[in-house]
2 protein chains.
Amino acid sequence: MAGNTPDFPDRLRAAGLRPTRQRVALARVLFEGGHRHVTAESLHAEVKATRMPVSLATVYNSLNQFRDAGLLREVVVAPGRSYFDTNTGHHHHFFVENDGELHDFPSEKVTIAGLPTPPKGTRLSRVDVIVRVRR
Amino acid sequence: MAGNTPDFPDRLRAAGLRPTRQRVALARVLFEGGHRHVTAESLHAEVKATRMPVSLATVYNSLNQFRDAGLLREVVVAPGRSYFDTNTGHHHHFFVENDGELHDFPSEKVTIAGLPTPPKGTRLSRVDVIVRVRR
DNA sequence: CAAGAAGATTAGAACTATTCTAATCCTTGC
DNA sequence: GCAAGGATTAGAATAGTTCTAATCTTCTTG
Ligand SMILES: [Mn+2]
Ligand SMILES: [Mn+2]
Ligand SMILES: [Zn+2]
Ligand SMILES: [Zn+2]
């Protein structure tokens, strides 16, 4: 297991981002442990609980930068707020409409057949499957 | 073709909504002609062009009421704005990320196999497939 | 058809999520 | 250590949407 410890400053540098204290604190919350789905507000609350002062503006800046660097992906499932997903691989989502929870499911077992070809002059970017459920 | 003329006051009454002048004007723009994908702002611009004065608040109210009555469905594909879809049947969407355009495609030919069962205590509500494309 | 009651519309204020501004602060390469 | 450029921040600004409460319309009933 040597070399498996995540070095957040290095990971940020590798992504072309300076490892500032705020970005390292955010990366820690986001990337140590399993995959996460966070909103700007929920991440802000979590990182503040670690006693590292980070402004909400920096949370937004960092989420957008992490996404642009490919460390996160943005998921839009409900009007009014964006989720950011630490799982950047191919997968799809359950969305529990009552409480706004997002859960991954692997795209391996899912087969989508018969998708029409993209409109003239466009290239496929991504296929999102959102399974909406209610309690 | 007799009896095929859409009577918007009657359609609104059948949906449990009073056929006010504003709602009839909005229904006309939305439902005469083929299926549409509109935003509140785009619909407001269109209905104002018919010289019927309708406030933006009424456009929002009506869109939400039409959706609650099952005349429209709401589609969330991009952060910050909702689309309303006059096609309430089963179908999926192309989303052209550059210009924000939505296009339908029928769900008939699309087969989705191997979806996992919903999380414990939840019931399936809807499955959305969004094919994101870029120019 | 005349009221009157219930419901709808509206302007503008309020609200929420997000971005911007521009002043201060940190990180980095020398 | 010292710039210099990048990052952070508070607070203002913006965009989409909802709310408030006053006015207006539609519908029911006599
Ligand atoms: Mn963004
Ligand atoms: Mn709504
Ligand atoms: Zn995910
Ligand atoms: Zn559609």
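Throughout, protein chains are lettered first and strands after them, A, B, ... in sequence-line order, and every chain is numbered starting at 1.
- Taking the side chain of A/Arg23 as heavy atoms from C-beta on, and the options D/dA10, D/dT17, D/dA7, the nearest nucleotide is D/dA7.
- Across the protein-nucleic acid pair, B/Leu17 atom CG and D/dC27 atom P stand 12 Å apart, rounded to whole Å.
- Between C/dT19 and A/Tyr60, no contact under 4.0 Å exists linking OP1 or OP2 to a side-chain N or O.
- Between the CG atom of A/Leu12 and the P atom of D/dT8 there is a distance of 10 Å, rounded to whole Å.
- One can place CG of B/Leu63 at 15 Å from P of C/dA8, the figure rounded to the nearest angstrom.
- A sub-4.0 Å separation between OP1 or OP2 of D/dT25 and a side-chain N or O of B/Arg21 is present.
- Computed from coordinates, the B/Tyr83 OH to D/dT17 P distance equals 10 Å when rounded to whole Å.
- Of the residues near DNA chain C, B/Asn61 and B/Arg18, the one whose nearest nucleotide (by heavy atom distance) lies more toward the 5' end is B/Arg18.
- Nucleic acid contact for B/Thr58: base, since at least one base atom lies under 4.0 Å from a heavy atom of the residue.
- B/Asp10 has its CG atom 11 Å from the P atom of D/dC27, to the nearest Å.
- A salt bridge does not link A/Arg123 to B/Glu97: none of the charged side-chain nitrogens sits closer than 4.0 Å to a carboxylate oxygen.
- Rounding to whole angstrom units, CG of residue A/Leu26 and C1' of D/dT9 are separated by 14 Å.
- Summarising the geometry, the separation between CD on A/Gln65 and P on C/dC20 is reported as 12 Å, rounded to the nearest angstrom.
- Mapping A/Gln22 and B/Gly80 onto DNA chain D via the closest heavy atom, the residue that lands nearer the 5' end is A/Gln22.
- Where A/Ala57 and B/Glu41 each meet DNA chain D at their nearest nucleotide, the meeting point lying more 5' is that of A/Ala57.
- Using a 4.0 Å cut-off between charged side-chain N and carboxylate O, A/Arg135 and A/Asp99 make a salt bridge.
- Contact annotation for A/Thr39: no contact, since no heavy-atom pair falls under 4.0 Å across all strands.
- No hydrogens or angles considered: a donor-acceptor pair under 3.5 Å links the side chains of A/Glu74 and A/Ser82.
- Side-chain contact of B/His91 with B/Asp85: a donor-acceptor pair under 3.5 Å is present, judged by distance alone.
- Straight-line distance from the CE atom of A/Met52 to the P atom of D/dT8: 11 Å, rounded to whole Å.
- In the model, A/Asp104 has a side-chain atom that pairs as donor or acceptor with a side-chain atom of A/His93 under 3.5 Å.
- Contact annotation: A/Thr20 side-chain N/O to D/dG6 OP1/OP2 distance is not under 4.0 Å.
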